[in-house]
Undergrad: 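Got a structure for you, written out below as structure tokens; questions coming shortly.
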Amino acid sequence: MITVGIDIGSITTKIAMMENKKLVYTDLSLSGYDMTAAWKTIYEKMLQKTGRNETAVDAIVSTGYGRANVKIATRQITEISCHAAGARHFFPDVKAVIDIGGQDSKCIKMDDRGDVVDFVMNDKCAAGTGRFLEVMARALHVEIGDFAVMSKKAKKPVTISSMCTVFAESEVISMIATGESRENIIAGIHDSIASRMVSMMNRTGIEKPVVMTGGVSKNSGMRSAIEKRFGVKLGVPDEAQVCGAIGAAILASR
Amino acid sequence: MIKLTRFIWNNPGLFAKGVKGYLNQPVTPRLAQIILQYLNQTKLTVLQPWKRFGVFSAGFPTEIPAAMGYFPGYPEAYAALTGTAGCTVPPIEHAESLGYGRDLCSYMKTSIGACRMGWPEDFGGNRVADAYFSANLVCDTHLKWFEGEARLHGKPHFALDVPNLVAGESDERLEEYVDYVEAQFYDMIAFLEKETGKPFNEKKFFEIVNDSAEICRLFRELFEYRKRFPANAYFEWVRMFMLPMVSQWNQKDAIRYYSKELKKAQKRYKDQTSIEGGREKYRVLWEGITLWYNADLYQKVLAERGAYVVCEPYTYSFAGRSKPKGSLKETLRQMARDQIIVPFTLNLDRRIAYFNSLVEAFDLDGVILHANQSCRPSSTGLFDLQEALQKKWGIPVLMMNTDHCDPRAYAEGPMTTRIDGFVELMEAYVRRKGEGGPPSPENMKIKGGV
């Protein structure tokens with residue numbers, strides 16, 4: 001059985017193909033303005049690369065904020081269930097998932113069967129999301145890919161007190177003006193997001209093992225900050241950024 | 001009428017949007033007639049100087065001033081209707097430009113903004129009252145809001161202080177509270193006698209109280225039919241349907257209307273629990289004020305997913321008026337009791353017990369708790385309530401962070417994701433219920449607003 005999962009997020013669109021419960025293909029691209037064009041492009045590329053015909057695909061599940069754009073989807077499922085299913089694929093014992101995406105961040109609690117039983121999401125605020133990190137990277141004139149390395153060089157991480165992206169950016173600019181090092185500021189940014197995530201995790205009452213998914217999980221500085229604050233080692237799948245799409249492909253087979 | 005004409009002339013686009021919004025409500029011609037009659041009568045008081053126009057806060061014991069000839073105007077009802085019309089943002093922004101903060105009550109800001117812009121009642125405004133009446137039984141904002149309006153217009157203001165019951169209070173303390181509110185009722189009578197120059201009209205008062213009780217009885221009886229399968233009515237209808245009861249105007253007509261609706265329900269169900277169509281896919285309880293600007297949330301977003309709001313303490317809270325007792329004193333004491341004990345303002349212990357009974361009685365599959373951005377009193381205790389419900393039932397709970405009258409607080413994309421997640425959890429919950437197993441011992445909840 002061949003199933004496909006398409007996860008259209010606010011920043012990137014991800015795709016995954018499973019064949020008989022085995023992951024055979026993943027890809028991603030920027031969502032951009034035209035989300036339909038975004039998923040179609042990577043969908044056609046996937047068919048081409050895997051040498052499959054569209055008729056060979058048995059089911060497609062779309063997820064993410066742009067899920068309604070995938071008109072050929074068999075079903076639409078929220079990214080909450082999809083990230084949980086994706087994380088369980090890599091870590092069968094997982095009890096909780098932290099997903100920091102471009103537009104939102106969420107903590108998902110699961111039971112022994114892998115069913116979602118609880119989740120907490122940030123609400124209408126970019127603080128604690130991938131977009132927050134992008135805004136900060138722009139203010140600091142640093143490539144976001146360098147955040148992890150730079151944060152590890154911090155001697156004394158600063159404290160970011162503002163809980164709003166816009167105000168936090170102003171705060172960071174003030175720190176730059178006072179001569180604070182970028183390394184300390186970046187470590188402080190990671191710490192502020194970690195603090196936010198840990199409060200969400202505590203509200204959910206999540207248990208170990210905890211898996212981190214989403215694009216931000218690639219940032220080892222961010223991971224370390226959460227691990228330090230929460231006192232738990234995070235599992236990170238090899239395909240963390242496309243975990244939602246993988247979960248969607250898994251759920252498509254059910 | 002002049003105000004409305006001026007409003008249409010100055011805001012043709014907004015008026016068209018408002019009409020479209022009104023037409024989007026699931027209102028029958030008969031209910032529309034009642035609502036329009038009420039709005040028109042409010043406007044006509046300008047041309048009837050011999051009649052007194054009172055402006056009242058929601059839930060105020062209007063029966064006492066009404067017995068002295070005060071027509072009941074409700075800024076919150078006008079604001080709510082403006083919400084259904086989808087036209088609250090301009091008056092709210094106007095109020096904010098006057099210095100009212102973004103987190104203050106959006107009913108108040110709609111009313112103040114619309115009044116200052118000279119908008120008619122259909123779009124949130126209201127004429128200057130002969131007297132202002134406010135009570136803090138459900139909201140502390142009422143007192144300052146009405147006091148401010150009264151001072152601005154140089155009119156008298158009567159403030160009724162209703163103590164809030166907190167957990168663990170004894171029956172003796174409750175009786176003290178009843179004494180306290182009863183004493184204020186006598187103060188109100190003295191206030192009205194002074195304002196009108198007439199003695200209190202007890203006969204009229206008893207008649208109004210009796211009609212109020214009958215309206216509430218009919219509403220409560222109709223509410224019971226929402227326990228049947230499928231429910232007799234859903235929230236998007238009931239929130240409009242309650243207006244004749246809330247407005248406390250033309251009570252005889254309201255009784256006729258509700259009686260007819262009750263007969264229809266009796267005929268529809270007879271003695272059956274379940275009729276054609278069977279049970280809804282998901283039966284949901286809504287706690288908190290409705291989203292007036294978002295009828296589509298109920299009749300499209302939730303309904304398309306098979307979820308229907310079959311119970312809401314919010315509308316039921318207006319149906320607590322009791323029949324008159326043998327004497328004025330006893331009747332006033334009962335009114336005081338009705339003011340203090342309202343489902344919407346129950347203390348946490350009573351509230352949890354009340355909600356537990358609703359989960360069972362209405363065979364609920366999910367609960368939506370409206371964490372209202374500009375109505376913090378109604379949002380207090382929601383996390384504790386959520387925890388208690390999940391612990392006992394394992395029922396999915398969606399905490400919805402938005403606002404009752406300010407559509408700027410509703411983000412459609414993120415909210416739809418939460419609703420979809422909530423529906424996915426209800427699907428699992430219903431499946432477990434169908435399997436006959438006990439509810440999951442795990443919590444099943446969705447939270448936002450971190």
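To find a chain, count down the sequence lines: A is the first, B the second, and so on, and within it residues start at 1.
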Undergrad: Mind checking which of residues 63-71 of chain A sit less than 4.5 Å from chain B, heavy atom to heavy atom?
TA: A:Y65, A:R67
Undergrad: Which distance, rounded to the nearest 0.5 Å, do you find between the CD1 of B:I419 and the OG1 of A:T78?
TA: 12.0 Å
Undergrad: For the pair B:Q390 and A:D118, evaluate side-chain contact (heavy atoms from CB on, under 4.5 Å) and give the outcome as yes or no after the intermediate values.
TA: CA-CA 10 Å; B:Q390 285 157 352; A:D118 181 1; over 6 Å; no
Undergrad: About how many Å separate CE of B:M415 and CE of A:M121, when rounded to the nearest 0.5 Å?
TA: 10.5 Å
Undergrad: Can you name the nearest heavy-atom pair linking B:L425 to A:V116, along with the distance?
TA: CD2-O, 3.2 Å
Undergrad: Can you tell me how far CZ of B:R431 sits from CG of A:D115, rounded to the nearest 0.5 angstrom?
TA: 6.5 Å
Undergrad: If you count every heavy atom of other residues, nucleotides or ligands that lies below 6.0 Å from B:E93 atom CD, does the total exceed 12?
TA: yes
